[in-house]
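Step one of this worksheet: look at the structure below.
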2 protein chains.
Amino acid sequence: MNKKRKLLIDTSLSLFYSNGINSIGINEILKISGVAKQTLYSHFESKESLILATLEQRHMNFIEWLEIKLQGADSNEKVIIRLFTALESWFTNSEPMLGDFRGCFFINSSAEFSNKSSDISLFCKRHKHKVREIIRLHMTKENPFLLDAICIMKEGAITSAYVTGDYSSAMKCVQILTRYEC
Amino acid sequence: MNKKRKLLIDTSLSLFYSNGINSIGINEILKISGVAKQTLYSHFESKESLILATLEQRHMNFIEWLEIKLQGADSNEKVIIRLFTALESWFTNSEPMLGDFRGCFFINSSAEFSNKSSDISLFCKRHKHKVREIIRLHMTKENPFLLDAICIMKEGAITSAYVTGDYSSAMKCVQILTRYEC
DNA sequence: TATAAAGTAGACAGAGTTGTCTTGTTTTTT
DNA sequence: AAAAAACAAGACAACTCTGTCTACTTTATA
């Protein structure tokens, strides 16, 4: 049933994101979700298949969250402010849709799976491209240079927040990007 | 002897960086280095101890490389140009001191080890602080705001280069930062 | 040269991993 | 109500992992 499938994906997402994919075994997902092993393997043919479904779920969550945050921004400056304000809110665990902050799930997963041509790495790459496209569509005036700047700073803010614990990085990005826009 | 110890660290660094720490077992390091297991455990009390020595080695390599690259920059703009030109060179596998590019070893390791208070995570955090300090000392005119911008964009460029394969991200950073400095 | 230290090779224990298979129960559908 | 599908619980195989231990060999030191 779709109910068990969803439960498995939700549990996996929570555990994978919090602990890293390679640190979580199938048995732990089964124990916490309360689902039987046979049920898992009737819905997913392998752990990798479950991982891909989990990445897909996270991607959907993140896109939905981002759309809400950028909705109604009526200038490029407002897009910048809304985006990085939302990121800061995420960093400080104030975004229930994204869970407790432990960096970007896609950056982290890319780090864990070194094979660049694996389905997992390719999915992470596509995710970043789609996020870029969403930001682009919310900008009121086309500006590829600014779009590049926003995307690079977004990655920098997330990484800085995670590795060094600097949660103010997002607001620094706003300062840099808005000052630059004048 | 120090010779075996160094061989173990060099082999570990190469394998850990290329494949991810959790994807490489002790036995593989022993097979490739040709060192016996007992020798490894006479130099290091555990795998974690070897990981920390490997992080330390990478840190030294990176700091030495960075110092060379920033040496003699006589303006903040030159610091920016040199830093990001060096990063681009790294991204395109033209920096033998750093090996074939697979993102930042410290970002990747932070992603693999979720416990923020583990020695591994703390080491990665300290590494980033030290890199920041080196950049600061090379700047000819104090500018904390610009320093923040440089560090955030550096993380963004590395992450973008690794996850999305955009090796031009470094040059985009130069454009953004130098245009901003006027 | 004799002794001590360091290294090799690999078996082994104990735990963990993914994935299969069996047996019995619950739930859904016809 | 009967038949079919889905699920639970867990044993099991086959593998990998870290770390210890033993027996033997090479290298360095006194």
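What you are looking at is a predicted structure, and each value in this text was computed from that prediction instead of being measured.
- For the pair B:Lys6 NZ and C:dA6 C1', the computed distance is 20 Å after rounding to whole Å.
- Between B:Thr39 and C:dT8, a side-chain N or O to OP1/OP2 separation shorter than 4.0 Å is present.
- Under the 4.5 Å side-chain criterion, counting only non-hydrogen atoms from C-beta, B:Thr54 is not in contact with B:Asp10.
- Taking every side-chain heavy atom of A:Ala36 into account, D:dA8 is the closest of D:dC7, C:dT8, D:dA8.
- One can place NZ of A:Lys3 at 11 Å from P of D:dA8, the figure rounded to the nearest angstrom.
- Between the CG atom of B:Leu30 and the P atom of D:dT18 there is a distance of 9 Å, given to the nearest Å.
- One atom, CD1 of B:Ile51, and another, C1' of D:dC17, lie 13 Å apart when rounded to the nearest Å.
- Considering only side-chain N and O atoms, A:His43 lies nowhere under 4.0 angstrom from the phosphate OP1 or OP2 of D:dA6.
- Rounded to an integer number of Å, the gap from A:Asn22 CG to D:dC17 C1' is 13 Å.
- If you take CG of A:Leu40 and C1' of D:dA6, they are 14 Å apart, rounded to a whole angstrom.
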| note | Scoring nucleotides 16-23 of chain C by protein non-hydrogen atoms under 4.0 Å (B base, S sugar-phosphate only, - none) yields --BBBBB-
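- Checked against the 6.0 Å centroid criterion, the rings of B:Phe62 and B:His127 qualify as a close aromatic pair.
- One atom, CG of A:Asn2, and another, P of C:dT27, lie 18 Å apart when rounded to the nearest Å.
- A cation-pi geometry, defined here as NZ or CZ lying under 6.0 Å from the six-membered ring centre and within 45° of its normal, does not hold between B:Arg58 and B:Phe106.
- Residues satisfying the side chain to side chain donor-acceptor pair (under 3.5 Å) criterion with B:Ser114, sequence neighbours excluded, are absent altogether.
- Ion pairing between A:Glu28 and A:Lys31 fails under the 4.0 Å rule for side-chain N and carboxylate O.
- Inter-axis angle, ends of the helix from C:dT1-D:dA30 to C:dT27-D:dA4, five pairs per end, rounded to 10 degrees: 20°.
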